[in-house]
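Only one structure is covered here, and it is reproduced in the block below.
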Protein chains: 2
Amino acid sequence: MADIKSQANPLFLTEEEIRQGIELLFYAYRDFTSDPDEILAEYGFGRAHHRVLHFVNRNPGMTVSQLLAILRITKQSLARVLGALVEQGFIRQDQGSVDRRQRLLYLTESGEALERRVSAPQRDRVARAYGEAGAEAVAGYRKVLYGLIGPAERDSILKSIERR
Amino acid sequence: MADIKSQANPLFLTEEEIRQGIELLFYAYRDFTSDPDEILAEYGFGRAHHRVLHFVNRNPGMTVSQLLAILRITKQSLARVLGALVEQGFIRQDQGSVDRRQRLLYLTESGEALERRVSAPQRDRVARAYGEAGAEAVAGYRKVLYGLIGPAERDSILKSIERR
DNA sequence: GAAATAAGTCAACATGGCTGACATAAAATC
DNA sequence: GATTTTATGTCAGCCATGTTGACTTATTTC
């Protein structure tokens, strides 16, 4: 009997608990993304540009396809944003040496500076929340968020995190 | 000395750890919000409609101002979305009895049905992640997300959660 | 040599944010 | 009681960022 119960609902989860989890994610994401907006506006950029800066910084030399797969947007949507960043000298595109069809993405020096500046308030917010919550809570945070990611991508994200 | 260290960086947080926390939030939110989209499309609705359905369901009788404060969008942005939901009979607006300027928001029966249907995959995703991660991890998840919310709103959210 | 792939581009459209200006009704204040 | 403030609604237009569809070019793979 215990088996059946725990299989069906291992934590005796109420709808209330679930909905609170949903709301917390909404609120946290809302405030978390609001941080960089003012700085971005100075350059005429938006959140989409920030995302590109973040992921290219994290994965120097990544291909356009890889970036598209992470962002889950279309090539045409990315083109506008990426084009602006390249045009204004924040991102450099090198031809791949193995596969010369590829355009490998790198932040330029000014791109790195911009990324750091734009991300700073976001990093501070996360650092503060981590510090206040404690190491154990952080482990739980990571575990649950990881479980929220679609199963197909979970492994590759875990690998990309472990690789560092 | 230990005091100084722990004040500055209580968890010995590396930039890598912080950035992983940021990315996990991005990935989780990306997949978490993708769930309801297909169902919403049947009605010609989008994510904005879903948010309204969710919060009116959670706070029956809430005012337009309260909803605006939660969503952090302008009155004009909300008007489009809320207007469509009212027009199609998913949300009812009652005049406030204490303050008759207010329009108190309620889901109609079909609104409740729609909310349940649209939210179902999202709830399932959170329930699964909670179940897999375990009760302790969930507590940590909540603690960290709560810390990510802007301080001004933290208390009122805590209260609205405890009230249930 | 043909087919598949990586990337780019043009055009058109939808969603959901935004600002600014103004209107109405009701409540609160002087 | 007149005035001011508040809650809500509405018109008009703009912008950022997503979408689909069609087509091109260079390169790699078969």
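Rounded to a whole Å, the CE atom of B:Met62 is 14 Å from the P atom of D:dA7. Atom CG of B:Asp94 is separated from atom P of D:dA7 by 19 Å (rounded to the nearest Å). Taking atom CZ on A:Arg80 and atom C1' on D:dC15, their separation rounds to 11 Å, with Å as the unit. Rounding to whole angstrom units, CG of residue B:Leu104 and P of D:dA7 are separated by 13 Å. For A:Arg100 and D:dT25, the CZ to C1' distance is 14 Å, given to the nearest whole Å. B:Arg103 has its CZ atom 6 Å from the P atom of D:dG9, to the nearest Å. Taking atom NE2 on B:His50 and atom C1' on C:dG16, their separation rounds to 16 Å, with Å as the unit. To the nearest angstrom, C1' of C:dC18 lies 14 Å from CG of B:Leu78.
Between B:His49 and C:dT15, a side-chain N or O to OP1/OP2 separation shorter than 4.0 Å is absent. Close to D:dT19, at under 4.0 Å from its OP1 or OP2, lies a side-chain N or O of A:Ser77. Regarding contacts with the backbone of C:dG8, a side-chain N or O of A:Gln93 is found under 4.0 angstrom from either OP1 or OP2. Side-chain N/O atoms of B:Thr74 include one lying less than 4.0 angstrom from OP1 or OP2 on C:dC18.
Backbone-only engagement by A:Gln95 is indicated by non-hydrogen atom pairs under 4.0 Å involving sugar-phosphate atoms exclusively. If you check every strand for non-hydrogen atoms under 4.0 Å, A:Val86 touches nothing. Nucleic acid contact class of A:Arg47 (heavy atoms, under 4.0 Å, all strands): sugar-phosphate only.
Sequence order on DNA chain D of the closest nucleotides to A:Arg51 and A:Ser97 puts A:Arg51 first from the 5' end. Positionally, the nearest nucleotide of DNA chain D for A:Phe45 lies more toward the 5' end than for the other of A:Phe45 and A:Arg101.
Salt-bridge check for B:Glu132 with B:Arg128: passed, with a basic side-chain N closer than 4.0 Å to an acidic carboxylate O. Between B:Arg58 and B:Glu115 there is no salt bridge, since no side-chain N of the basic residue sits under 4.0 Å from a carboxylate O of the acidic one.
Comparing C:dA6, C:dT19, C:dA11 against the side chain of A:Gln76 picks out C:dA11 as the nearest. Side-chain proximity of A:Lys75 to the nucleotides D:dG9, C:dG8, C:dC18 is greatest for C:dG8. Taking every side-chain heavy atom of A:Asp99 into account, C:dA6 is the closest of D:dG18, C:dA6, C:dA26.
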- Task: Apply side chain to side chain donor-acceptor pair (under 3.5 Å) to the pair B:Glu17 and B:Thr14, showing each step before the final yes or no.
- Result: CA-CA 5 Å; B:Glu17 287 172 302; B:Thr14 63; 3.3 Å; yes
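Annotation: B:Glu42, atom CD; neighbour count of heavy atoms from other residues, nucleotides and ligands within 6.0 Å is above 12. In this structure, A:Gln95 places its CD atom where more than 12 heavy-atom neighbours from other residues, nucleotides or ligands lie under 6.0 Å away.
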